[in-house]
Amino acid sequence: MDRRISRERQARQNAEQLLIEKSAELYDSLQQAKSAEKKLRLALWACQESFWEWHAHNDEYYMRAFKLDWADEHQWRGSPISLLKFIHPDDIGNLEFNWMLAVHGGQQTLEVCFRFRRHARYVWVRLRGRVLHRDAQQSALHIVGTIRDITRERHAEHSFHLMASAFSSSKDPMLVLTRQLKISECNEAFLKMVGARQKQQCLGRSLHAYLVNKSALPDTLEDQQQFSQETDIIAGKHTSIPAELTLAVFEHQEHGGAYVIATLRDISERKANEARLQQMAMHDELTGLTNRAGLHDEVCELIEVNGQFSIMFIDLDGFKLINDTAGHDCGDNALKSVAAKLTLRFGTQGIVTRWGGDEFVVILPNAYHEMLLECGNELISDIEADKIVCGDIELTLSASIGIAEYPMHGDTVESLLQNADAAMYQAKLLGKGRVFLYEAGLLESMQQQVTMLSELRRAVNDRALEFYLQGKYNAHSNLCGAELLCRWRSALHGNVPPDVFIPLAEEHGLDTVIGWLALEAACEYLVMMEVEAGQVPLSINVSANQLLSENFADQALAICEEHKISPQWIEIEITERIFICDEAGAINALNRLQHNGFKIALDDFGAGFSALSYLRSFAFEVVKLDKSLIMNIHKDAKALSLVQGIIAMLQGLGLEIVAEGVEQIEYVALLHSAKVQQMQGYFFDKPAPYDQFLARHARRNEPT
Ligand code: C2E
Ligand code: CA
Ligand code: CA
């Protein structure tokens with residue numbers, strides 16, 4: 001009995017022990033389950049996933065949400081149908097299809113994204129699930145899963161897609177680079193720019209490999225650094241494209257690293273436009289030569305390096321005539337042809353530029369003046385050799401050239417050009433078609449000429465010029481005529497000789513007025529002489545320019561008529577120069593003058609290159625032998641024979657002869673024996689004002 005009792009006790013103790021152990025185990029697993037659920041809740045809370053499950057037996061959907069901003073969990077229960085009203089109508093079809101696949105289609109997992117309405121707006125959610133149990137017909141009985149708000153990811157993804165399509169479809173080449181500027185991504189436009197067929201050819205290469213100037217880029221970019229500059233991109237074996245390169249560093253939030261976005265903009269069109277503008281700004285449109293602005297830059301550069309160089313200032317002679325008679329197209333062609341000649345001659349050694357109008361400037365480094373003078377003269381011959389044909393007229397150009405050397409004749413652009421210009425002007429004054437090297441003081445004297453010109457202009461306008469008279473005498477030394485010679489007494493320059501102011505007046509168009517003043521003075525003197533001493537014919541000097549002007553003969557006649565003077569008392573003295581300007585025009589004008597009753601004299605015969613042909617072209621009444629022919633005939637037998645020969649020839653043509661420059665009595669005897677009818681010179685009288693001239697002759701005529 002005791003043994004039974006002790007066995008039973010033992011069994012009870014064992015059972016209790018077992019119960020205690022099982023209870024403890026149960027307690028432990030309960031504790032573990034609690035802790036697992038806690039951990040699960042924590043995990044779901046941390047990854048912001050909500051838990052859901054569905055049971056087929058009651059078709060109930062149950063959800064537990066653990067949101068970051070909710071203190072407690074959120075629960076929801078209901079049928080899947082009741083959920084549908086929260087789902088965006090466009091997404092319902094897809095959700096139902098996937099749900100059906102999981103429930104009836106044997107698909108074990110479920111993943112679907114859709115828009116879910118919450119607080120009157122839709123959020124994107126991603127639902128995932130797994131079928132836990134199925135019935136004998138394989139329909140799902142129990143599905144569990146998670147659901148998550150993915151609105152932010154969707155937006156990020158969306159904007160990423162937008163960015164990616166912008167990147168790939170951008171017309172501008174774009175690259176994604178590592179911080180060390182290695183290419184990790186590039187778009188089509190970049191492949192096209194560098195002439196690569198596949199992306200693989202570029203990926204992994206350094207951006208430096210595509211730049212002409214590799215040192216233009218840093219090796220790596222610092223944080224936040226932005227970089228932008230113009231550079232040339234290698235676009236093939238022998239080509240490059242100018243581009244604007246912009247680099248910007250971006251921090252990569254998720255990976256903690258950084259990447260660089262590079263954009264390239266093809267600026268070849270802009271560069272070409274800039275180059276074209278630069279070309280236009282620095283070059284002359286007509287000739288394509290460097291223009292004044294370009295010349296300035298070139299000379300500045302030479303001065304900076306302090307090299308020896310010369311400036312040749314070239315001005316065309318006779319260009320205005322071509323432009324006026326042959327027209328502007330012909331003038332333009334003439335300028336182009338001169339430009340081509342200059343380029344051919346100096347293009348390889350120097351810089352040929354167009355200063356403007358018919359003026360050119362050549363810069364010649366390392367040239368010495370002997371060489372420059374030679375080159376200048378050759379150039380002039382070259383230009384003169386060209387005949388410019390305009391209808392049946394043939395015209396020629398020439399050039400006057402002035403030279404200034406650096407640093408001797410100026411150490412600034414302005415002074416050099418000014419002095420070269422002054423030298424050119426001097427070449428013109430010396431008779432055109434020649435080269436003149438700048439001399440110290442030239443500019444000053446030119447400037448003096450400028451003030452002289454403005455004073456002369458004033459004197460002409462104020463009629464402050466005087467006309468002196470110098471007599472012409474016959475074989476008996478009786479007065480038989482007189483020449484009017486212009487005199488200018490300037491307050492600033494004193495008595496300026498006509499040899500100085502007449503060329504200045506001709507150059508600046510004042511000679512015509514001087515001619516009219518001379519004719520008026522002659523008429524007035526004749527009127528006074530008639531009253532006071534008896535008349536002799538008076539001669540006036542007329543410039544080529546005035547004689548060739550329209551209606552000169554009729555206007556001259558009108559002035560005589562105004563003063564009631566017959567034109568037979570007026571002799572017009574002209575020189576051969578008029579024939580050189582325009583032979584046909586000259587003959588026409590002289591014929592009209594003669595027709596109007598004026599007497600015509602050929603002045604300065606024998607000075608320079610007298611061409612006898614003019615004596616055939618026009619029937620002069622008088623020829624005046626130049627003083628250079630008469631000089632020293634009493635000492636020089638050759639000179640005497642020459643004069644005698646010329647006189648005999650002129651007499652043979654039936655011309656009246658006046659010998660000028662008769663200074664000595666010896667000349668008078670020799671000229672008498674050669675049967676020269678009239679003489680003029682200091683031996684008889686010096687040019688004098690009308691009053692003195694009149695007084696002298698009035699006295700002479702007085703009975704002794
Ligand atoms: P031209 O027409 O040959 O005038 C004669 C020049 O010889 C005058 O010089 C006169 O003073 C000078 N002469 C006269 N006798 C002698 C002499 O015995 N020996 C020397 N060595 N010279 C003598 P001028 O008055 O100085 O005039 C110079 C030139 O200026 C003139 O040369 C003429 O070409 C021009 N000229 C003068 N007046 C006028 C004018 O009213 N109109 C124009 N267009 N030209 C003028
Ligand atoms: Ca004269
Ligand atoms: Ca003369």
Side-chain angles (χ1 to χ4, degrees), residues 456 459-460 463-473 477 479 481-489 494-525 537-549 552 556 559 570-578 581 599-608 610 620-634 656-668 670-671 676 678-690 692-693:
L456 177 63
V460 170
R463 296 174 164 247
L465 300 177
E466 286 177 82
F467 289 92
Y468 278 25
L469 286 163
Q470 185 181 31
K472 295 181 192 170
Y473 298 87
S477 295
L479 183 76
E483 179 177 3
L484 269 77
L485 292 162
C486 190
R487 292 293 176 264
W488 176 35
R489 210 189 312 267
N495 285 336
V496 186
D499 288 332
V500 174
F501 75 81
I502 292 290
L504 192 66
E506 283 177 1
E507 178 91 6
H508 296 92
L510 295 171
D511 52 327
T512 309
V513 188
I514 294 178
W516 294 131
L517 292 177
L519 182 58
E520 280 179 1
C523 291
E524 282 161 17
Y525 291 166
L538 295 185
S539 16
I540 59 163
N541 295 284
V542 169
S543 74
N545 198 23
Q546 182 173 23
L547 189 94
L548 290 171
S549 68
F552 174 69
I559 290 177
I570 305 282
E571 195 172 289
I572 307 258
E573 294 187 9
I574 56 117
T575 64
E576 288 173 339
R577 261 199 27 210
I578 184 173
C581 290
K599 213 169 172 185
I600 314 291
L602 180 62
D603 202 357
D604 298 346
F605 189 80
S610 293
F620 288 101
E621 278 119 337
V622 184
V623 171
K624 294 184 82 177
L625 299 182
D626 191 68
K627 45 188 169 285
S628 60
L629 276 182
I630 314 296
M631 212 187 307
N632 293 334
I633 48 171
H634 61 304
E656 243 178 74
I657 300 166
V658 180
E660 283 188 319
V662 182
E663 293 180 357
Q664 311 188 24
I665 190 155
E666 289 89 341
Y667 296 174
V668 179
L670 289 168
L671 291 166
V676 169
Q678 293 179 42
M679 281 174 248
Q680 179 182 347
Y682 295 164
F683 170 73
F684 299 100
D685 58 6
K686 286 204 167 170
Y690 174 77
Q692 286 177 29
F693 178 80

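Values below: every heavy atom of this structure, side chains too, minus hydrogens, waters and symmetry copies. Counting starts at 1 for both ligands and their atoms, following the listed order. The structure displayed is predicted, hence computed values, not measured ones.
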Undergrad: Restricting to non-hydrogen atoms, name the atom on Leu469 and the atom on Phe693 that form the minimum distance, rounded to 0.1 Å.
TA: CD1-CD2, 3.6 Å

Undergrad: I want to know if ligand 1 touches Lys627 in the polar sense, i.e. an N/O pair below 3.5 angstrom.
TA: yes

Undergrad: Counting heavy atoms only, which of Ile502, Ile574, Val542 comes nearest to atom 36 (N) of ligand 1?
TA: Ile502

Undergrad: Please identify each residue that fulfils salt bridge (charged side-chain N to carboxylate O under 4.0 Å, His left out) with Glu466, with sequence neighbours left out.
TA: Arg489

Undergrad: Got an N/O contact under 3.5 Å between Gln680 and ligand 1?
TA: no

Undergrad: Any idea which protein heavy atom is nearest atom 11 (O) of ligand 1, and the distance to it?
TA: Pro687 CG, 3.4 Å

Undergrad: Which of these, Glu483, Glu571, Glu660, sits in a salt bridge (charged side-chain N to carboxylate O under 4.0 Å, His left out) with Lys472?
TA: Glu571

Undergrad: Hey, are the side chains of Val668 and Phe684 touching, using non-hydrogen atoms and a 4.5 Å cut-off?
TA: yes

Undergrad: Considering heavy atoms of the protein only, find what lies nearest to atom 20 (C) of ligand 1 and give residue, atom and distance to 0.1 Å.
TA: Glu663 OE2, 3.3 Å

Undergrad: Tell me, which protein residue and heavy-atom name are nearest atom 16 (C) of ligand 1, and how many Å apart are they?
TA: Tyr682 CE2, 3.2 Å

Undergrad: Consider only side-chain N and O atoms of Ser543 and Asn545, and report whether a donor and an acceptor are under 3.5 Å apart.
TA: no

Undergrad: Which residues and atoms, protein N, O or S only, are under 3.0 Å from the Ca ion (ligand 3)?
TA: Asp603 OD1, Asp604 OD1, Glu660 OE1, Glu660 OE2

Undergrad: Within ligand 1, which atoms have a heavy atom of Pro498 less than 4.0 Å away?
TA: 24 (P), 25 (O), 26 (O), 27 (O), 30 (O), 37 (C)

Undergrad: Identify, for atom 5 (C) of ligand 1, the protein heavy atom at the shortest distance, and state residue, atom and that distance.
TA: Glu660 OE2, 3.9 Å

Undergrad: Counting only heavy atoms closer than 4.0 Å, does ligand 1 sit against the backbone of Asp604, its side chain, both, or neither?
TA: side chain

Undergrad: Quick one, Ile572 and Ile540 - any side-chain contact, counting heavy atoms below 4.5 Å?
TA: yes

Undergrad: When you measure from atom 43 (C) of ligand 1 to every protein heavy atom, which one gives the shortest distance, and what is it?
TA: Asn541 CB, 3.5 Å

